[in-house]
Amino acid sequence: MAKKVIIPAVKGTREFYPETMALRNFLYGKMRKASQAFGYQEWDAPFLETIDLYAAKSGEELVKEQAFVFEDRGGARVTLRPELTPSLARMIAKKQRQLTYPLRWWSFGPFWRYERPQKGRSREFFQWNIDMLGVSSPEADAELIAVAATFLRSVGLSPEQARIFVNNRRLMDSQFDALGIPAESRLDVSNLVDRRSKMKPDVWTAYALEQGLSQSQLDGLLALLDNKDLWKDWEELTRLFAALDALGVREYVEFDPNIMRGLLYYTGTVFEAFDLSGGVRRAILGGGRYDDLLADVGGDPLSGVGFAMGDVVIGIVLQERGLVPAFEPSPAPVLVTVFDESLWQESYALSAELRDAGLNVTCYPEPAKIGKQFKFANKMGMRVAIVLGADEVAAGQVAVKDMRSGEQESVPRGEAAETISRILASA
RNA sequence: GUGGCUGUAGCUCAAUCGGCAGAGCACUUGACUGUGGAUCAAGAUGUUGCGGGUUCAAUCCCCGUCAGCCACCCCA
């Protein structure tokens, strides 16, 4: 036998067999439902963009290291989109005066980043993006967080299992000011904060001092990062939490001064959701307020708030927690068997009749041993199998078998659809 | 891009000191010529990821490469 040579899939891509596709569609359905519950409109942008779009505002890492860039046949530098926000900013800017605000848009589609694949990270992934533009208020921030919480609740994650951690850039800036940390080293301090959970305390302390912090600044920073009540003196956050209370999602949300987020364009509230079991150490979703983005890409000033959620991490979390619904192999719960060469047309005609009656029906595509056909129905998880043999045809009947109970009855052909529906309805 | 672990049948994994490549599940056939799941019986399955090296002999040791996983980096 010749050796089978299978050309491998591109590194970092995932192949969606029906079982995996069902999970992706499940997630899509929940995202869509949460988005629409708050009145967001679905939209999308091109998958291919010029690299210039990202060079304008995205981080250097994203553009130079992580973007898939290639030349098209005309010599233009084209990239597979690594994120959606620049496309959003452009599309808003092009129609800025024609759109109705506050504008609420959501999207779900593929993105590509040239990363080293590992748990929770692939090079080709799907991402839910949702944004509100045209309003700059803590209540708008709260709405986006509420959408995220609504999603988490809808997939069966409780507040004990998943939590959204919130912080505020302006609050932290004022605190850093109070500690005498200059504006130009703020980025380094943010990275320092981001890194704290990943380093041992003494190593982190040494690292912090190495970065130029004084001992008193370090002490102040540590006190700051442990202060879970800091939000109570900051109006943006007291209003945010009041709104979350009113929206009924307060239990999913927690203030945490350690949440910084690397993206430069965030200006106010920032948030990230995590699975509390720690099985996956990555954020399930993350977002925040960006007040300068439109102006940065050449539009008129327009503030926005939004977040993104990748399909990979949430998929792993739901699988580890057993929250993924059971896979139903066949979309058609009914199999019409084909008895033999002389009767296949009867079966095909019956399957058409049943489809006309509104049922999803698979007809076996060739005559085969009846046992083989039943086995197929069983493996495909079908509820009902129909047998149309010589006896049934002669009597104008069809045999309807309930695959779960094993019971079978013969009914007049005209009543078949009704009998099947009754079986399907019986849980 | 840096460092580490792993790769054996379709799947999950075994193979002692370097000495003929194994099991369970799944699969095929039959027990059962008009009936799936359960049981029993029989059967098929491998360039041990790929390429090279050492050796009388390599799944095992060495080098390279590809892929997966883990920690960095970054982030969804």
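Residue numbers begin at 1 in each chain, while the letters A, B, ... track the order of the sequences. Side chains included, hydrogens not; waters and symmetry mates left out as well; all remaining heavy atoms used.
- B/rC56 is paired with B/rG19 under the criterion used here, namely a Watson-Crick or G-U wobble arrangement in which both key atom distances are under 3.5 Å.
- Under the Watson-Crick or G-U wobble criterion, with both distances below 3.5 Å, B/rG7 is paired with B/rC66.
- Look at the P atom in both B/rU8 and B/rC60: the space between them is 13 Å, to the nearest Å.
- Using a 3.5 Å distance cut-off with no hydrogens or angles, the side chains of A/Asp291 and A/Tyr266 do not pair a donor with an acceptor.
- The base of B/rG3 lies close enough to the side chain of A/Arg116 for a donor and an acceptor atom to sit less than 3.5 Å apart.
- If you find the closest nucleotide of RNA chain B to A/Ser405 and to A/Gly310, the one lying nearer the 5' end belongs to A/Ser405.
- A donor-acceptor pair is defined here as one N or O able to donate and one able to accept, closer than 3.5 Å; no such pair exists between the side chain of A/Arg104 and the backbone of A/Met132.
- The side chain of A/Glu115 approaches B/rA76 more closely than any other nucleotide in the set B/rA67, B/rA71, B/rA76.
- In summary, the side chains of A/Gln118 and A/Arg282 do present a donor paired with an acceptor at a separation below 3.5 Å, with no hydrogens or angles considered.
- Taking atom P in both B/rA58 and B/rA23, the straight-line distance is 24 Å, to the nearest Å.
- Spacing between atom CG of A/Asp131 and atom C1' of B/rA76 amounts to 13 Å, rounded to whole angstrom units.
- Take the nearest nucleotide of RNA chain B for A/Lys379 and for A/Gly406: the residue whose nucleotide is more 5' is A/Lys379.
- B/rA76 atom P lies 10 Å from atom CZ of A/Phe274, rounded to whole Å.
- Between B/rA67 and B/rC61, the two P atoms lie 23 Å apart (nearest whole Å).
- In this entry B/rG36 has no Watson-Crick or G-U wobble partner, no candidate having both defining distances under 3.5 Å.
- Here A/Gln408 lies in heavy-atom contact (under 4.0 Å) with a base.
- When heavy atoms are screened at a 4.0 angstrom cut-off, A/Ile284 is found touching the sugar-phosphate backbone but no base atom.
- Applying the 3.5 Å distance criterion, the base of B/rA76 shares a donor-acceptor pair with the side chain of A/Arg113.
- Residue A/Gln118 places at least one side-chain N or O closer than 4.0 Å to OP1 or OP2 of B/rA71.
- Residue contacts for A/Asp391: at a heavy-atom cut-off of 4.0 Å it reaches a base atom on one of the strands shown.
- Classified by interplanar angle (parallel below 30°, tilted 30° to 60°, perpendicular above 60°), the ring pair A/Phe376/A/Tyr364 is perpendicular.
- Spacing between atom CE of A/Met403 and atom C1' of B/rA38 amounts to 14 Å, rounded to whole angstrom units.
- No contact: A/Val313 has no heavy atom under 4.0 Å from any strand.
- Counting only heavy atoms from C-beta on, A/Lys11 has its side chain closest to B/rG68 among B/rG68, B/rC70, B/rG36.
- Nearest to the side-chain atoms of A/Val312 among the listed nucleotides B/rG36, B/rG68, B/rA76 stands B/rA76.
- A/Ala283 comes within 4.0 angstrom of sugar-phosphate atoms only, judged by non-hydrogen atoms across all strands, and of no base.
- Atom CZ in A/Arg282 sits about 10 Å away from atom C1' in B/rA76, given to the nearest Å.
- A/Arg422 contributes no side-chain N or O that, together with a main-chain N or O of A/Ala425, makes up a donor-acceptor pair within less than 3.5 Å.
- The base-pairing partner of B/rA71, taking Watson-Crick or G-U wobble contacts with both distances under 3.5 Å, is B/rU2.
- When each of B/rG30, B/rA76, B/rG37 is scored by its nearest atom to the side-chain atoms of A/Lys369, the top-ranked nucleotide is B/rG30.
- For A/Ile259 and B/rA76, the CD1 to P distance is 12 Å, given to the nearest whole Å.
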> So A/Arg196 and A/Asp256, salt bridge (Lys or Arg N to Asp or Glu O under 4.0 Å) or not? Walk me through it.
Replying inline: CA-CA 13 Å; A/Arg196 188 160 80 115; A/Asp256 188 341; over 6 Å; no

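- Where stacking is scored as ring centres under 5.5 Å apart with planes under 30°, A/Phe376 does not register as stacked on the base of B/rG36.
- If you take atom P in B/rG10 and the same atom in B/rC27, they sit 15 Å apart, rounded to whole Å.
- For A/Lys375, whose side chain is taken as the heavy atoms from C-beta onward, the closest listed nucleotide among B/rG37, B/rU35, B/rA71 is B/rG37.
- The residue A/Glu272 sits apart from the nucleic acid: no heavy atom pair falls under 4.0 Å.
- The same atom, P, is picked in B/rA71 and in B/rU39; the two are 40 Å apart, to the nearest Å.
- A centroid separation of 6.0 Å or more is found between the aromatic rings of A/Phe165 and A/Phe271.
- Summarising the base pairing, B/rA41 is matched to B/rU29 through a Watson-Crick or G-U wobble pair whose two defining distances lie under 3.5 Å.
- In this structure, A/Glu320 atom CD and B/rC69 atom P are separated by 13 Å, rounded to whole Å.
- Between the side chains of A/Trp128 and A/Ser35, at least one donor N or O lies within less than 3.5 Å of an accepting N or O.
- Checked by atom type and distance alone, the side chain of A/Ser347 pairs as donor or acceptor with a backbone atom of A/Thr337 at under 3.5 Å.
- To the nearest angstrom, C1' of B/rA76 lies 14 Å from CD of A/Glu124.
- Between B/rU29 and B/rC66, the distance separating the two C1' atoms is 39 Å to the nearest Å.
- Going from the P atom of B/rG37 to that of B/rU28 covers 11 Å, rounded to whole Å.
- Residue A/Gly12 is classed as a sugar-phosphate contact, given heavy-atom separations below 4.0 Å to backbone atoms only.
- The gap from the C1' atom of B/rG36 to that of B/rC69 amounts to 39 Å, rounded to the nearest Å.
- Nucleic acid contact for A/Lys401: base, since at least one base atom lies under 4.0 Å from a heavy atom of the residue.
- Contact of A/Glu392 with B/rG34 (side chain to base): a donor-acceptor pair of N or O atoms is detected under 3.5 Å.
- When distances run from any side-chain atom of A/Gln127 to the nucleotides B/rA76, B/rC69, B/rU35, the shortest one goes to B/rA76.
- Contact annotation for A/Arg404: base contact, defined as any heavy-atom pair under 4.0 Å involving a base atom.
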